[in-house]
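Sequence positions, counted from 1, serve as the residue numbers for this chain. Quick caveat, the model's predicted, so the values are computed rather than measured. Reckoned from all heavy atoms, side chains included, excluding hydrogens, waters and symmetry mates.
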Amino acid sequence: MKIYIRKNIAERSLHAISNAVHEALVAQANVPADDRFHILHRLDRDDIVAHPTYGGVERSEEIVIVEITLNTGRTVEVKKNLYADIAKRLQALGVRPDDVVVSLIEVTKENWSFGGGRATYA
């Protein structure tokens, strides 16, 4: 998973966001608790370009972009529940739901190697 925020958000908040998104993945998408590989990006203001109202929301400068790579096969309902749970958990951290952007990248199981040069799931 990759999480992108602007540098004006405190580093400790980025780790709390990472934890919250992981908890949502475990709760909603059947991701194992120890399947945790996160890349956290704090970017300059101009390095994130996001239209303030695209998608019918009112987005602020406090945008949080979450890019999740996961196996194919989850239903639309599971994905909707995941998006809602992420937004709810981040709202508890002070992130406005309209500032949460989530992107899922689905791959087949043979596209994973978690080390040793092995196709972990193939």
Q | side chain to side chain contact (heavy atoms under 4.5 Å, CB included) evaluation trace for Asp85 with Leu82 | A | CA-CA 5 Å; Asp85 197 11; Leu82 176 61; 5.5 Å; no
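- With sequence neighbours left out, the side chain to side chain contact (heavy atoms under 4.5 Å, CB included) criterion links Thr120 to Phe114.
- Identified under the salt bridge (charged side-chain N to carboxylate O under 4.0 Å, His left out) test for residues 110-122, with sequence neighbours left out: none.
- Residues Ala29 and Val78 come closest through the heavy atom pair CA-CG1, 4.1 Å.
- Take His38 and apply the ring pair (Phe, Tyr, Trp, His ring centres under 6.0 Å) test, not counting sequence neighbours, and it matches His22.
- Within the 4.5 Å cutoff, the side chain of Leu14 has no heavy atoms near those of the Ile9 side chain.
- Side-chain contact between Met1 and Leu25 is present, with at least one heavy-atom pair separated by less than 4.5 Å.
- With a 6.0 Å radius and a threshold of 12 heavy atoms from other residues, nucleotides or ligands, Asp35 has its CG atom above the threshold.
- In the hydrophobic clustering of ILVMFWY residues, with side-chain heavy atoms under 4.5 Å counting as a link, Val31 and Val107 come out apart.
- Contacts of Asp34 classified as side chain to side chain donor-acceptor pair (under 3.5 Å), with partners at least two apart in sequence or in another chain: none.
- Partners of Ser60 according to the side chain to side chain donor-acceptor pair (under 3.5 Å) rule, which considers only residues two or more places apart in sequence or in another chain, are Asp99.
- Residue Ala20 comes nearest to Leu90 through the heavy atom pair CB-CD2, 3.8 Å, listed as atom of the first residue, atom of the second, then distance.
- Checked against side chain to side chain donor-acceptor pair (under 3.5 Å), Asn19 has the following partners two or more places apart in sequence or in another chain: Arg36.
- Val57 is not connected to Val66 by any chain of hydrophobic side-chain contacts under 4.5 Å among Ile, Leu, Val, Met, Phe, Trp and Tyr, and they are in different clusters.
- Ile17 and Tyr4 fall into different hydrophobic clusters, where Ile, Leu, Val, Met, Phe, Trp and Tyr side chains are chained together by heavy-atom contacts under 4.5 Å.
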Q: Give the intermediate values and the outcome of side chain to side chain contact (heavy atoms under 4.5 Å, CB included) for residues Val101 and Val64.
A: CA-CA 6 Å; Val101 176; Val64 174; over 6 Å; no
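- Here the side chains of Thr69 and Phe37 are not in contact, with every heavy-atom distance at 4.5 Å or above.
- Contact annotation: the side chain of Ile105 approaches that of Glu67 to within less than 4.5 Å [non-hydrogen atoms, C-beta and beyond].
- In this structure, Ala50 and Ile63 approach most closely via the heavy-atom pair CB-CD1, 3.4 Å.
- Here Tyr83 pairs with nothing under the ring pair (Phe, Tyr, Trp, His ring centres under 6.0 Å) rule; sequence neighbours left out.
- At a threshold of 4.5 Å between non-hydrogen side-chain atoms, the residues Leu43 and Ile5 do not count as touching.
- Taken to the nearest 0.5 Å, the CD atom of Gln28 stands 9.0 Å off from the CD1 atom of Ile86.
- In summary, Arg6 and Asp44 do not engage in a salt bridge, as defined by a charged side-chain N under 4.0 Å from a carboxylate O.
- Contacts of Lys88 classified as side chain to side chain contact (heavy atoms under 4.5 Å, CB included), with partners at least two apart in sequence or in another chain: none.
- Applying the side chain to side chain contact (heavy atoms under 4.5 Å, CB included) rule to Lys109 yields the partners Asn71, Tyr121; only residues at least two apart in sequence or on another chain are considered.
- Between Ile65 and Ile3 the shortest side-chain heavy-atom distance does not fall below 4.5 Å.
- Side chains of Ile39 and His41 form a contact here, defined as non-hydrogen atoms less than 4.5 Å apart.
- Annotation: side chain of Val102 is in contact with side chain of Ile68 (closest heavy-atom distance under 4.5 Å).
- Note on residues 71-83: pairs passing salt bridge (charged side-chain N to carboxylate O under 4.0 Å, His left out), not counting sequence neighbours, are Lys79-Glu106.
- Legend: side-chain hydrogen bond (donor to acceptor under 3.5 Å, both in side chains) pairs involving residues 45-59, not counting sequence neighbours, sorted by first then second residue: Arg45-Glu61, His51-Thr53.
- Note on residues 15-27: pairs passing salt bridge (charged side-chain N to carboxylate O under 4.0 Å, His left out), not counting sequence neighbours, are Glu23-Arg89.
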